[in-house]
Amino acid sequence: MGHPHLVTDVDNLAIERLQAFISDHNTQAIVVEGTQGTGKTNLLEYYKRELAEIYSADEGVYIVRYYADPEPDFGAVVRRIMQEFGVQHLVRVSKALAVYPESERASLLANVQNPELRAAFARLARDTSVDLEHRAELLLEYLMGLRVFKRHTEETGVQFRLDTTESKTQAMHDLVYLSLDVGCFKALFLFLDELEKQGAQSLTVVVRYLSAIRALIDALPKHLFLLLAMTPDARRRYSQMLPALAGRLEQTISLPPIQSPDDALRLYRFYLEEKRAVAKAEAETVNWRAGTLDPLSDIRVTESYDVLNVAASRMGIKGVTQRSLLDKFHSETESLVARLV
């Protein structure tokens, strides 16, 4: 389930952009920016869960979460998106194409720039009665960039592997817009986390990765909602490396550390109530009586914040990260429980 998310003023831009995207489907690309421990992953996870609930009944909406491990190729992200689409999506597209008369079907497929993908869907649409799922599985392997064998050529007609990020991105673009034309696609929500990890790669590799993100945004000018999480230092470095990407990522959600004891207390109260509700539900299942006392007093909470804030100030840091504060609350509560038992 992940950690609960305390909605604050910094969520306003995300909500505003989400509402705009749902209204007009124009692509939105937003950077979630903050130092380690300020809640970037928490925010992405929250919106992923909320969107999954909102669109639970929509087959044409895809929500993809990707942690940017130090991969040398952005193709891993495209592969993850293809996995989310899955075999059943290709089956639905093929069946939807089969409904159209031959001339209209040819007109729809004419918009597919990848000739092998165009031929494969033409073949699948002509015969949707025999082994369609099996052939769709082979086509999915092709779209993921896996090696092409004799069985792929015989069953789908594809011959050459998608072996570059550019070719994979183009094929994804073709699939998305063909799916849109036949009514099998509505939106792609993509959440990319921990992009600062790319900084461990060479300059050439990082620029190639960033260029692929830019190409993805350009390839899908509509129907893509993209949230990218990174530290401020990474954002500055990447903007210098590829100014063209910076121009496409002008919308930023900044997550600052906690700046006051009142905000620290608010965070504590929120997590306490969330966990109290969980504990109460568990207690009821085994006929236990849930406790009502607060583990930490308000004074103890603000004192914990003050201690951490002084330590942060000595290191030249303004405020206390949410992660540090929650870890402090956890250790304080564990100490209290240990004394009780």
Side-chain angles (χ1 to χ4, degrees), residues 21-28 51-52 54-64 77-146 148 152-162 166-190 215-226:
F21 176 75
I22 293 169
S23 174
D24 59 24
H25 288 101
N26 288 329
T27 286
Q28 301 281 346
L51 290 167
I54 292 171
Y55 290 107
S56 59
D58 286 288
E59 284 186 338
V61 176
Y62 295 91
I63 303 169
V64 180
V77 179
V78 178
R79 184 166 62 246
R80 175 69 184 87
I81 294 171
M82 289 297 107
Q83 287 175 332
E84 189 66 30
F85 281 168
V87 171
Q88 291 308 311
H89 180 83
L90 302 182
V91 169
R92 286 195 296 272
V93 173
S94 300
K95 289 183 176 179
L97 275 170
V99 175
Y100 288 88
E102 188 69 34
S103 59
E104 292 185 40
R105 187 190 311 162
S107 178
L108 288 167
L109 288 171
N111 296 322
V112 177
Q113 297 182 40
N114 181 310
E116 296 200 311
L117 187 60
R118 182 167 62 243
F121 270 118
R123 178 180 293 195
L124 267 62
R126 281 196 300 270
D127 185 5
T128 59
S129 60
V130 180
D131 294 332
L132 176 59
E133 190 163 321
H134 168 66
R135 285 180 288 150
E137 185 175 350
L138 293 174
L139 182 57
L140 180 63
E141 291 177 357
Y142 164 76
L143 288 166
M144 290 170 60
L146 303 183
V148 172
H152 296 89
T153 301
E154 292 177 345
E155 296 287 343
T156 68
V158 299
Q159 299 184 41
F160 303 103
R161 177 185 180 185
L162 295 173
E166 291 77 10
S167 63
K168 294 172 188 173
T169 302
Q170 180 59 56
M172 184 183 69
H173 167 274
D174 288 339
L175 175 60
V176 165
Y177 281 97
L178 177 62
S179 304
L180 186 65
D181 287 342
V182 298
C184 295
F185 178 84
K186 295 179 181 177
L188 169 63
F189 294 91
L190 179 59
L216 175 64
I217 297 170
D218 292 347
L220 299 177
K222 294 181 74 69
H223 304 282
L224 170 66
F225 188 88
L226 176 62

Handout entry: Test ring-ring contact (aromatic ring centres under 6.0 Å, His included) applied to Phe121 - qualifying residues, sequence neighbours left out
Key = none
Handout entry: Distance in Å, Ile217 CD1 paired with Gln28 CD, rounded so as to fall on 0.5 Å steps
Key = 11.0 Å
Handout entry: Listed partners of Asp218 passing side-chain hydrogen bond (donor to acceptor under 3.5 Å, both in side chains), at least two apart
Key = Arg248
Practice task
Answer whether the closest heavy-atom distance between the side chains of Asn114 and Leu162 falls below 4.5 Å.
Solution key: yes
Handout entry: Under 3.5 Å donor-acceptor, Thr153 side chain and Val158 backbone
Key = yes
Practice task
Identify, with sequence neighbours excluded, every residue that meets side-chain hydrogen bond (donor to acceptor under 3.5 Å, both in side chains) alongside Glu102.
Solution key: Arg105
Handout entry: Side-chain touch Tyr177/Lys222, heavy atoms, less than 4.5 angstrom
Key = yes
Handout entry: Residue list, side-chain hydrogen bond (donor to acceptor under 3.5 Å, both in side chains) with Glu133, at least two apart or on another chain
Key = Gln88
Problem - From Met82 atom CE to Glu141 atom CD, the distance as rounded to the nearest 0.5 Å - result: 14.0 Å
Problem - Under the salt bridge (charged side-chain N to carboxylate O under 4.0 Å, His left out) test, residues paired with Asp24 that sit two or more places apart - result: none
Handout entry: Non-hydrogen side-chain atoms of Leu220 and Leu226 separated by less than 4.5 Å
Key = no
Problem - Pairwise distance CG(Leu97) to SG(Cys184) - rounded to 0.5 angstrom - result: 8.0 Å
Problem - salt bridge (charged side-chain N to carboxylate O under 4.0 Å, His left out) partners of residues 86-96, not counting sequence neighbours, each pair once - result: Glu59-Arg92
Practice task
Taking salt bridge (charged side-chain N to carboxylate O under 4.0 Å, His left out) as the test, write out the residues that go with Glu84, two or more places apart.
Solution key: Arg80
Practice task
Please collect all ring pair (Phe, Tyr, Trp, His ring centres under 6.0 Å) contacts where either partner lies in residues 84-116, sequence neighbours excluded, each pair once.
Solution key: Tyr62-Phe85, Tyr62-His89, Phe85-His89
Exercise for the section: Look at the side chain of Glu116 and the backbone N and O of Gln159, then say whether any donor-acceptor pair between them is shorter than 3.5 Å. Expected result: yes
Fill in the blank from the handout: What one should report as the nearest heavy-atom pair of Leu139 and Ala120 is CD1-CB, 3.8 Å
Practice task
Evaluate the criterion side-chain contact (heavy atoms from CB on, under 4.5 Å) for residue pair Leu117 and Leu178; output intermediate values, then yes/no.
Solution key: CA-CA 11 Å; Leu117 187 60; Leu178 177 62; over 6 Å; no
Practice task
I would like to know whether Leu175 and Leu90 meet side-chain contact (heavy atoms from CB on, under 4.5 Å); could you show each step before the answer?
Solution key: CA-CA 9 Å; Leu175 175 60; Leu90 302 182; 3.8 Å; yes
Problem - Pairwise side-chain contact, Leu140 with Leu146, heavy-atom cut-off 4.5 Å (strictly under) - result: no
Problem - side-chain contact (heavy atoms from CB on, under 4.5 Å) evaluation trace for Phe160 with Val148 - result: CA-CA 6 Å; Phe160 303 103; Val148 172; over 6 Å; no
Practice task
Apply ring-ring contact (aromatic ring centres under 6.0 Å, His included) to Phe185 and list each qualifying residue two or more places apart in sequence or on a separate chain.
Solution key: none
Exercise for the section: Indicate yes or no for a side-chain donor-acceptor contact from Arg118 to the backbone of Ala110 under 3.5 Å, with no hydrogens or angles considered. Expected result: no
Handout entry: Distance in Å, Asn111 CG paired with His173 NE2, rounded so as to fall on 0.5 Å steps
Key = 9.5 Å
Exercise for the section: To the nearest 0.5 angstrom, please state how far the CZ atom of Phe225 sits from the OG1 atom of Thr27. Expected result: 10.5 Å
Exercise for the section: Kindly write out the residues that satisfy side-chain hydrogen bond (donor to acceptor under 3.5 Å, both in side chains) with Arg123, not counting sequence neighbours, or none if the list is empty. Expected result: none
Problem - Side chains of Leu188 and Ile81 in contact at under 4.5 Å (non-hydrogen atoms) - result: yes
Problem - Reported CG-to-CG distance for the pair Leu138 and Leu143, which is rounded to 0.5 angstrom - result: 11.5 Å
Handout entry: Counterpart residues, ring-ring contact (aromatic ring centres under 6.0 Å, His included), relative to His134 (two or more places apart)
Key = none
Problem - Evaluation steps, side-chain contact (heavy atoms from CB on, under 4.5 Å), between Asp174 and Gln170 - result: CA-CA 6 Å; Asp174 288 339; Gln170 180 59 56; 3.1 Å; yes
Exercise for the section: Keeping to residues at least two apart or across chains, list the salt bridge (charged side-chain N to carboxylate O under 4.0 Å, His left out) pairs with something in residues 181-190. Expected result: Asp58-Lys186
